[in-house]
Amino acid sequence: MQTVTRNLVRRSCRIARPPQTAGKRFNHTSAKQGRRDAGHTDRTTHFGFQTVPEEQKESLVKGVFNSVASSYDVMNDAMSLGVHRLWKDEYVSSLKPGAKGALRCIDLAGGTGDIALRILDHARENYADRETSVDVVDINAEMLKEGYKRFKQTIYHNTSQVAFIESNAQSLPVEQFPDNTYDLYTIAFGIRNCTSVPDVLKEAYRVLKPGGTFACLEFSKVNNPLFGMLYDQYSFSVIPMLGSILAGDRDSYQYLVESIRKFPTQSEFSQMIQEAGFTTGGLHEGRGGAWTDLWGGIACIHKGVKV
């Protein structure tokens, strides 16, 4: 697996930068990113099972998603046997967008637009709400292009209910994303790919209004040992093979499987959410708890409220 990840590191460095797309036609804004330190640091992080310098991970992850953008839904189908669609439905339904009036939402790592579309549909179909809006934010322009194409086929195209913005979840520009702006912050199957999860959580806390909700859907830790063993066998044997067959890209799928195993456990991530300032349920699963496991912990919904 180390060899596969090293191959992906070398290959990602050769992927061309995505072409710039005209702002008016694409309706997304390229935000200037605040950079902490452009120079080399000795700090490292994980890229799958490989340890890499922190400053390299962002470009490596961009390379992965440049590669899989056009087949992203196929990728998630392969990684979850299609069940990710049901998980996303449950995730959005649990948030009840529109139930208490129009919301201003921000969906991070949301390039393909599937969570944003579910939010807007839920609000409209269940509460006749046509005022809830979603800013879809992603660091990857190729993923945003896929979302824009999806929304062109909907009633929300060219309305104020959706915007596509290219920016980094770890450092959202204050002039474009002011403090205390959003009622709901969502991030689905994206936070594990960020270099610094604590920085993402701090930014989420900053841009949410007091009383606003942070909600994360992410692959997590299976809590049944036998089920976990079968899931591991499927993940490491079948998913990369499907990547080769469906997308001609084994290495990217291998990385995505590895990234799941490097993500914190449910209780560890819940503590990180609390440390960012959010109020959560108790550090346990289920009713009154900080998280809800889906399919035995293959995926998990985490929520926190800004106080």
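Numbers for residues simply follow the sequence, beginning at 1.
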Legend entry - Between Tyr91 and Arg118, a side-chain donor and acceptor under 3.5 Å: no
Legend entry - Sub-4.5 Å side-chain heavy-atom contact between Leu201 and Ile191: yes
Inset, instruction - Could you tell me the separation between the CZ atom of Arg192 and the OG atom of Ser259, rounded to the nearest 0.5 Å? - result: 3.5 Å
Inset, instruction - Please check if atom NZ in Lys202 has more than 12 non-hydrogen atoms from other residues, nucleotides or ligands closer than 6.0 Å. - result: no
Inset, instruction - Under the side chain to side chain donor-acceptor pair (under 3.5 Å) rule, what do Tyr231 and Asn224 come out as? Steps first, then yes or no, please. - result: CA-CA 10 Å; Tyr231 178 56; Asn224 180 287; over 6 Å; no
Legend entry - Residues Glu258, Arg261: salt bridge by 4.0 Å N-O rule: no
Inset, instruction - Could you tell me whether the side chain of Tyr205 reaches within less than 4.5 Å of the side chain of Phe278, counting heavy atoms only? - result: yes
Inset, instruction - For Ile119 and Val134, work out which heavy atoms get closest and say how close. - result: CG2-CG2, 3.9 Å
Legend entry - Aromatic ring pairing Tyr156/Phe151, orientation class (parallel under 30°, perpendicular over 60°, tilted between): tilted
Inset, instruction - Examine Val222 and Val83 and state if one hydrophobic cluster contains both, with Ile, Leu, Val, Met, Phe, Trp and Tyr joined whenever side-chain heavy atoms are less than 4.5 Å apart. - result: yes
Inset, instruction - Please report the shortest heavy-atom distance between Glu166 and Ala141, naming the atom on each side. - result: OE1-CB, 3.7 Å
Inset, instruction - Would you indicate whether the side-chain heavy atoms of Leu108 and Val200 approach each other to under 4.5 Å? - result: no
Legend entry - Any Thr213 side-chain heavy atom under 4.5 Å of Asp183 side chain: no
Inset, instruction - Begin with the C-alpha distance, continue with both residues' side-chain angles, and end with the deciding distance and a verdict on side-chain contact (heavy atoms from CB on, under 4.5 Å) for Phe189 and Ile115. - result: CA-CA 11 Å; Phe189 301 124; Ile115 297 300; over 6 Å; no
Legend entry - Arg206/Asp179 ion pair, N-O < 4.0 Å: yes
Inset, instruction - May I have the step-by-step check of side-chain contact (heavy atoms from CB on, under 4.5 Å) for Cys216 and Phe269, ending in yes or no? - result: CA-CA 10 Å; Cys216 175; Phe269 185 48; 3.8 Å; yes
Inset, instruction - Of all the heavy-atom pairs spanning Leu95 and Ala215, show the shortest one and how long it is. - result: CD2-CB, 3.6 Å
Inset, instruction - May I have the step-by-step check of side chain to side chain donor-acceptor pair (under 3.5 Å) for Asn180 and Lys306, ending in yes or no? - result: CA-CA 10 Å; Asn180 307 315; Lys306 178 175 178 176; 2.7 Å; yes
Legend entry - Side-chain donor or acceptor of Glu218 paired with backbone N/O of Gly190 under 3.5 Å: yes
Legend entry - Same apolar cluster (I L V M F W Y, side chains within < 4.5 Å links), Val137/Ile139: no
Legend entry - Point-to-point distance, once rounded to the nearest 0.5 Å, from CG of Asn193 to CD1 of Ile260: 9.0 Å
Legend entry - Value rounded to 0.5 Å, distance of OG1 in Thr112 from CG in Asp114: 4.0 Å
Inset, instruction - Output the rest of the hydrophobic cluster of Tyr127: all Ile, Leu, Val, Met, Phe, Trp and Tyr residues reachable through side-chain heavy-atom contacts under 4.5 Å, sorted by chain and number. - result: none
Donor-acceptor pairs under 3.5 Å, side chain of residues 287-300 to any protein atom, not counting sequence neighbours: which ones?
unit_1: Asp293; atom_1: OD1; unit_2: Gln266; atom_2: NE2; d: 2.9
unit_1: Asp293; atom_1: OD2; unit_2: Asn223; atom_2: ND2; d: 3.0

Legend entry - Heavy-atom check, side chain of Thr280 versus side chain of Gln271, under 4.5 Å: no
Inset, instruction - State, to 0.1 Å, how close Val92 and Pro97 come at their nearest heavy-atom pair, and which atoms those are. - result: O-CD, 3.4 Å
Legend entry - Side chain proximity check, Lys303 to Phe214, heavy atoms < 4.5 angstrom: no
Inset, instruction - Check the hydrophobic clustering (I, L, V, M, F, W, Y; side-chain heavy atoms under 4.5 Å; chains of links allowed) and say if Met272 and Leu283 are grouped together. - result: no
Inset, instruction - Is it possible for you to say whether Tyr234 and Leu256 belong to one hydrophobic cluster, with membership spreading through side-chain heavy-atom contacts below 4.5 Å? - result: yes
Legend entry - Distance in Å, Leu242 CG paired with Asp77 CG, rounded so as to fall on 0.5 Å steps: 10.5 Å
Legend entry - side-chain contact (heavy atoms from CB on, under 4.5 Å) between Arg124 and Thr132, worked out: CA-CA 9 Å; Arg124 177 178 58 85; Thr132 284; over 6 Å; no
Inset, instruction - Look at the aromatic rings of Phe177 and Tyr182 and report parallel, tilted or perpendicular, splitting at 30° and 60°. - result: tilted
Legend entry - From Leu208 atom CG to Glu203 atom CD, the distance as rounded to the nearest 0.5 Å: 11.0 Å
Inset, instruction - For side-chain contact (heavy atoms from CB on, under 4.5 Å), just list the numbers for Gln161 and Arg130, CA-CA rounded to whole Å, side-chain angles, deciding distance to a tenth of an Å, and then say yes or no. - result: CA-CA 8 Å; Gln161 285 192 269; Arg130 286 299 308 271; 2.9 Å; yes
Inset, instruction - Look up atom CG in Asp135 and atom CD1 in Ile106, then write down how far apart they are to the nearest 0.5 Å. - result: 6.0 Å
Inset, instruction - Provide the closest heavy-atom pair for Val136 versus Ala116 in the form atom of the first, atom of the second, distance. - result: CG2-CB, 3.6 Å
Inset, instruction - Examine Phe236 and Met229 and state if one hydrophobic cluster contains both, with Ile, Leu, Val, Met, Phe, Trp and Tyr joined whenever side-chain heavy atoms are less than 4.5 Å apart. - result: no
Inset, instruction - For the residue pair Asp89 and His122, establish whether any side-chain heavy-atom pair is separated by less than 4.5 Å. - result: no
Inset, instruction - For residues Gln170 and Ser196, report the shortest heavy-atom separation together with the two atoms involved. - result: OE1-N, 3.0 Å
Legend entry - Close side-chain approach of Ser133 and Ser160, heavy atoms under 4.5 Å: no
Inset, instruction - Mark yes when over 12 heavy atoms from residues, nucleotides or ligands other than Gln153 sit less than 6.0 Å from its CD; otherwise mark no. - result: no
